[in-house]
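Accompanying notes for the structure given below.
Values in this document were obtained by computation on a predicted structure and should not be read as measured data.
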Amino acid sequence: MALSNFVFALAALLGTLLIPFGVLYCLLRLKRRALQVTVSRSDRS
């Protein structure tokens, strides 16, 4: 019983930490992609 509670608490902690980091990672990827698009557009002109 105690082990299952420990595993559940660990999973909840990792989940709450993982969600904001996942969102931050996605936003950084989108921002980097947008920067690459603007750089490639300025190179063409």
Can you give the donor-acceptor pairs under 3.5 Å from side chains of residues 10-17 to other protein atoms, not counting sequence neighbours?
| residue | atom | partner | partner atom | Å |
| --- | --- | --- | --- | --- |
| Thr16 | OG1 | Ala12 | O | 3.2 |
| Thr16 | OG1 | Leu13 | O | 2.8 |

Show me, pair by pair, the donor-acceptor contacts under 3.5 angstrom made by side chains of residues 22-30, not counting sequence neighbours?
none

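Residues near Phe8 contribute nothing to a hydrophobic cluster around it, because no ILVMFWY side-chain heavy atom sits closer than 4.5 Å to its side chain.
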